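Every chain is numbered from 1 and lettered A, B, ... according to where its sequence line falls, protein lines coming before strand lines. All figures in this text were calculated on a predicted structure; none of them were measured in a lab.
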Protein chains: 2
Amino acid sequence: MVGLHDVAKLAGVSKSTVSRVMNNEYGVKKSTKEKVQKAIEQCGYVANQVARDLKSNKTHLIGVIVPRIASNATAGGLDGLSPVIELADKHVLLANSDQDNIKEIEYIKRFNQKRVEGILLYATHLDSALVDAIKQSDAPVVLVGQDGSLFNIPSLIYDDISVGFTAGKRLIDAGATNIGFIGVNSQDIAVDQCRYQGLTQYLQHAKQTSPLFHSRGEFSIESGFQQTKQLLIDWPKLDGLFCATDRIAIGALKAIAESKKIAGKDIKVLGVGNDELSQVCSPSLSTFNYAFDLTGKKAAQMLLELIHNKQSEVSKMVMGFESIERESC
Amino acid sequence: MVGLHDVAKLAGVSKSTVSRVMNNEYGVKKSTKEKVQKAIEQCGYVANQVARDLKSNKTHLIGVIVPRIASNATAGGLDGLSPVIELADKHVLLANSDQDNIKEIEYIKRFNQKRVEGILLYATHLDSALVDAIKQSDAPVVLVGQDGSLFNIPSLIYDDISVGFTAGKRLIDAGATNIGFIGVNSQDIAVDQCRYQGLTQYLQHAKQTSPLFHSRGEFSIESGFQQTKQLLIDWPKLDGLFCATDRIAIGALKAIAESKKIAGKDIKVLGVGNDELSQVCSPSLSTFNYAFDLTGKKAAQMLLELIHNKQSEVSKMVMGFESIERESC
DNA sequence: TTGAAAGCGGTACCAC
DNA sequence: GTGGTACCGCTTTCAA
């Protein structure tokens, strides 16, 4: 591969001069500049950014770690954050942890070796090993989706307790009295714990009751379907169901339909996320809208600020949500 | 930031020795090794990959350019390709071209500066400027979604003509005789042109007729809805509709429902992509399944091979598809 | 206005 | 076994 040296030889000047031309610096005679530019053209010289990065001690790299790509939260987030990063003249180094806690930590280390300038971590859990890894990271880390502020980790989270609380209100207002919750796994504080907690708080507050159950499964339609099939048998009086995600809720809708009950009438159902699926299914799903792309954008902005100032002005940012009224509740 | 030099000083050895320990090389006395490792621990040394990359002239970087993330083809593709790239001990440098032709070319150049080892390009078009940029690229490029084999660009494509052909057959077999097509924009050879061409071929072949129309819009539900609303007025005899994507088809379904016709009975509708939406909507959408994640995996494998052998064994790979029978056709 | 040379942080060859 | 040193490709003083 042709380097600065080759161009210099070809143009009959020194490396320094070629470098100056490449970087548009002042103080190069017009004629030499043109000579050099011609030489650059001629041998198709492309500056080696790796060498530049080494010299300048800046890589312009932002590491982004996600549990998987094909999810609304992450795909939308990536679409939101990428323009911000591009505008800051940086690049996205993407890692798919595939929901694997070990890999998450592994990537934080690898990214530090790669000398990324910052890391955006989409998390589905937050244990002490992960906290440690984040603390060890030289590059600043912004956590998305889980609250790390207790550990002094700048975080961008959704107002999950509030969503649960509001869900309780919506279900009660719609006339439900026997309300259950389907979550994911207990390690996911935000999605499983907080949403349940919020629901519980409202039921206590308004009716001095508690949710009938806290079932758990995966983030899938199928999982929602299977769980609900059983839950309908176990809890015949169930008339309100809050599902931690829209996909779970859509599975629930299907199970309810099969049981000859009518979702939205016999059983009110609520999801979270405003997945596109929720407006297409029938009955259409009442849910909560999260602005995933905006979250990605804000997270990127927060990280960039952190990179510049070495200290964040905001240590925790809570994203709002919007109630979406449809047929199921 | 602490470097090899600092560790060496702290351990009272030379840089070379520290380097040997870092790379687990033979021929280091056990005691020195331990001494060095302690020093590494002590000052929290993390190898600078940028320097290594410069020295070894390898970045372990694979550039991936996509038109946007939040689409089944790209999100699924990314989930498919990332494990392959990880297994090859490389990283994904992600760029979102946001459907912008200029940016696509820009990123190919930037990636070459970054000295990526190869580029995966998810394309929605292929004009001569893009072909040139690919030709100029030092890093090998694999094209996904458009056929660049005529220009000697290794490509991974879907069998779009065949899909169109099969769509024709499915619609005719279901009893449709007045068949229309909704595509995207004419620059998208694969999605717009090929699928239409295949449909046309079957209609010619089986009935010596042609599609009633070739309408065009965007990749969205709304666009499908708006177009279909008008098309139903313009073509009252329409009884078969092939849509270039599932989202367009779902919009069409909605327009048909509003017109008091029954999709699947009065008008047979077919989409492409087997979007999750298509099994949730009602009537559920008959479509074609594309294995997006497998495509990503294959594309990554093809690129890795190209990187190793400097020459591809396969210059073009055509992914198959699967007919999905549901209610709409 | 231009060139020589040091150095970014490693690796690898060659001596000792 | 270990240390010295050249070098990867560029930027950036410092002199000329």
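- For B:R20 against D:dG3, a side-chain-to-base donor-acceptor contact under 3.5 Å is present.
- Counting heavy atoms from C-beta outward, B:L120 and B:I65 have side chains that stay 4.5 Å or more apart.
- What separates CZ of B:R115 from P of D:dC10 is a distance of 7 Å, to the nearest Å.
- Rounded to a whole Å, the CG atom of B:N48 is 6 Å from the C1' atom of C:dG9.
- Remark: the B:K15 side chain and the C:dG10 base include a donor-acceptor N/O pair separated by less than 3.5 Å.
- For A:S16 and C:dA4, a side-chain-to-base donor-acceptor distance below 3.5 Å is present, hydrogens and geometry of angles not being considered.
- Using a 4.0 Å cut-off, some side-chain N or O of A:Y45 falls inside it from OP1 or OP2 of D:dC10.
- Within 4.0 Å of B:S56, counting heavy atoms only, lies no atom of the nucleic acid at all.
- Applying the 4.0 Å criterion to OP1 and OP2 of C:dT11, one finds that B:R52 has a side-chain N or O inside that range.
- Put simply, B:S19 has no side-chain N or O that comes within less than 4.0 Å of OP1 or OP2 on C:dG10.
- Close to C:dG3, at under 4.0 Å from its OP1 or OP2, lies a side-chain N or O of A:T17.
- Nucleic acid contact class of A:G27 (heavy atoms, under 4.0 Å, all strands): base.
- Other residues, nucleotides and ligands contribute at most 12 non-hydrogen atoms within 6.0 Å of the CD atom of A:E218.
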